[in-house]
Amino acid sequence: MSIGNNARLLDYVSCERLFNPKLEEQPVIVLSNNDGCTIARSNEAKKLGIQMGVPAFKLRQLIQDHNIQVYSSNYTLYGDLSSRVMATLDQLAPAVEVYSIDEAFLDLSTLKNHDLSAYGQHLRSTVHQWTGIPVSIGIGPTKTLAKIANRLAKKLSEAEGVWNLTNCTESLQALASIDVEDVWGIGRQYAKLLRANGMSNALQLRDADQRWIKQKMGVVGLRIVLELGGMSCIPIELCPQPKKMTCVSRSFGRPVESLAELQEAVATYASRAAEKLRRDGLAAWVLTVFVNTNRFQDEPQYYNCSTTYLPVATSDTAELLGYALRATEAIFCAGYRYKKAGVLLSELVPAQVVQANFFDERERHRAQKLMQVMDQINAQMGAQTLKFAAAGIKQPWQVKSERKSKRFTTCWSELPVAKA
DNA sequence: TCTGGGGTCCTAGGACCC
DNA sequence: TCTGGGGTCCTAGGACCC
């Protein structure tokens, strides 16, 4: 039996509170990029009825009335705290799959004879002591059940925070208490289908007719049902799979109408995408640029993309920039108010195995060295210290991020100050 | 005025092969 | 009545995740 132990490692509000204790017991929300939607809420904010994903502008009155503390998302901070928590788990647990910035699965199958609930408590208190981050832990015989246990754990009081679903008799009740759309893998469409067919909670889904599920929801649906029944179908993956594509895209802080500004933005995203490739030791064969207007506005709409197959797979910013700028020009259409653009790099391969094209005349070795130096400087002096002029200086289209906390743990000039 | 960003997996259908 | 059978590769689109 493999025991998945799913930990919701940090929520963004906890990260903000860690460096700003005044936020304890206050309603706090964290907004998505561009200060768009709500992506994290403190319990106090939930009690005020704030839903996940609600656009911030719809909350203005509520924010004012209840003095809700609002933060722009600070991924530099959250990412750093996340890696501290993951490092702690690595020391304490037999095997860890880092599932996302805020979740991990632990393989506890080697601890069969232990008291798993007590082990969970030990994990929790150690992580809290070492990193200051409160985590909730769900334990179950499959990943899907561990996720459900985690959801139940989150509702517990601060003092508890661990839910163990390995005991069969209790789990019936627990499963019946979980809405079907809250099961991992059941999104809006499947939830609608299931509810229309009389299945509204996790227990009913577990006991569904498997042939019907397979027919309507494919093998993905069948796996969910089996996992709910305790049969593990989604293994723990200890080595991260190599990425197949990488994408950098952003909504603009304000509409963009000129080709020059659009190209600045695309150049910025292409540079960032190239950095990601180099960080992962990858190179791309294919580059796609896309642009679109604001679908929420009642105005002329436009979407287009342009895909370039590169002569040789590359992670060289200068080279990718050239193709990206040309692609942008090709799809730019005057007279529209652009809201978003993005750069997608695909057909990724390990950089070392890239073979040069016989007719290729670029000086790849020199370009590589230049990129190394650039990455080093930006790592030491801060992102975008050194960048290509094509990315622009003032960047008036930049995303909004008006209420961001400081980079307390990753930037010397923004360290928290202790008062005597 | 104001509505996120970055991913993966699966399936169906078409083209093509012997 | 009955229209070959089996395979691969590619793509677009759908669904989901955090």
### Query
Rounding to a whole Å, what distance do you find between A/W285:CH2 and C/dC10:P?
15 Å
### Summary
Testing B/dG7, B/dC10, B/dG5 for proximity to the side chain of A/K276, the answer is B/dG7
### Query
Which distance, rounded to the nearest 0.5 Å, do you find between the SG of A/C37 and the CD of A/Q51?
13.0 Å
### Message
From C-beta outward on A/M245, which listed nucleotide comes closest to its side chain: B/dT8, B/dC2, C/dC18?
### Response
B/dT8
### Query
Looking across every strand, which nucleic acid part, if any, lies under 4.0 Å from A/V54 by heavy atom: base, sugar-phosphate, or nothing?
nothing
### Task
Locate the shortest heavy-atom distance separating A/V162 from A/S117; write the atom from each residue and the value.
CG1-O, 4.1 Å
### Query
Out of B/dG5, C/dC18, B/dG6, which has the shortest distance to the side chain of A/S251?
B/dG5
#### Entry: Presence of A/K339 side-chain N/O under 4.0 Å of B/dT3 phosphate oxygens OP1/OP2
yes
### Task
Using a 4.0 Å heavy-atom cut-off across all strands, classify A/L31 as base, sugar-phosphate, or nothing.
nothing
### Query
B/dC9 phosphate, OP1 or OP2: any side-chain N/O from A/K244 under 4.0 angstrom?
yes
### Task
Would you mind telling me which of B/dC9, B/dG6, B/dG4 lies closest to the side-chain atoms of A/R223?
B/dC9
### Query
Given atom CZ of A/F296 and atom P of B/dT3, what is their separation to the nearest angstrom?
8 Å
### Query
Where the side chain of A/K243 is concerned, which of C/dC17, B/dT8, B/dC2 is the nearest nucleotide?
B/dT8
#### Entry: First encountered from the 5' end of DNA chain B, between A/K214 and A/N33
A/N33
### Task
Please state whether the phosphate of B/dC2, meaning OP1 or OP2, lies under 4.0 angstrom from any side-chain nitrogen or oxygen of A/Q297.
yes
### Task
Just compare C/dC16, B/dG6, B/dT3 and give me whichever is closest to any side-chain atom of A/S249.
B/dG6
### Query
How far, in whole Å, is B/dT3 from C/dC18 if one measures between their P atoms?
24 Å
### Task
Rounded off to whole Å, could you give me the CD-to-P distance for the A/E299 and B/dT3 pair?
11 Å
### Atom pair distance, as rounded to whole Å: CZ in A/R403 and C1' in B/dG4
18 Å
### Query
Between CD of A/E414 and CZ of A/R407, what distance do you get to the nearest 0.5 Å?
4.0 Å
#### Entry: Short side-chain N/O contact from A/T246 to OP1 or OP2 of B/dG7, under 4.0 Å
yes
### Query
Under 4.0 angstrom, heavy atoms only, what part of the nucleic acid is A/V30 near: base, sugar-phosphate, or nothing?
nothing
### Query
A/K340 has an atom NZ; how far is it from atom P of B/dT3, in whole Å?
11 Å
### Summary
When A/G218 and A/G253 are each assigned the nearest nucleotide of DNA chain B, the 5'-most assignment goes to A/G253
### Query
Can we say A/K276 and A/D280 salt-bridge, meaning some charged N sits less than 4.0 Å from an Asp/Glu carboxylate O?
no
### Query
Does a salt bridge link A/E275 with A/R272, judged by any charged N lying under 4.0 Å from a carboxylate O?
yes
### Partner of A/S42 by side chain to side chain contact (heavy atoms under 4.5 Å, CB included), out of A/L48, A/L23, A/V13
A/V13
### Task
Side chain of A/Y99 only, please: which of C/dC18, B/dT3, B/dG4 is the nearest?
C/dC18
### Message
Output the rounded distance in Å from OH (A/Y12) to P (B/dG4).
### Response
15 Å
## Note on the structure
In this structure, OG1 of A/T328 is separated from OH of A/Y338 (nearest 0.5 Å) by 10.5 Å
### Message
Nearest whole Å is fine: how far is B/dT3 C1' from A/R60 CZ?
### Response
14 Å
### Out of B/dT8, B/dG6, B/dC10, whichever nucleotide has its closest atom nearest the side chain of A/R250
B/dG6
### Task
Can you figure out which of B/dG7, B/dC10, B/dT3 approaches the side chain of A/V219 most closely?
B/dC10
### Query
Among C/dC16, B/dT3, C/dC18, which is the nearest nucleotide to the side chain of A/Q189?
C/dC16
### Summary
Paired to B/dA12 by Watson-Crick or G-U wobble criteria (both distances under 3.5 Å) is C/dT11
### Message
Distance check needed: C/dA12 P versus A/L344 CG, whole Å only.
### Response
13 Å
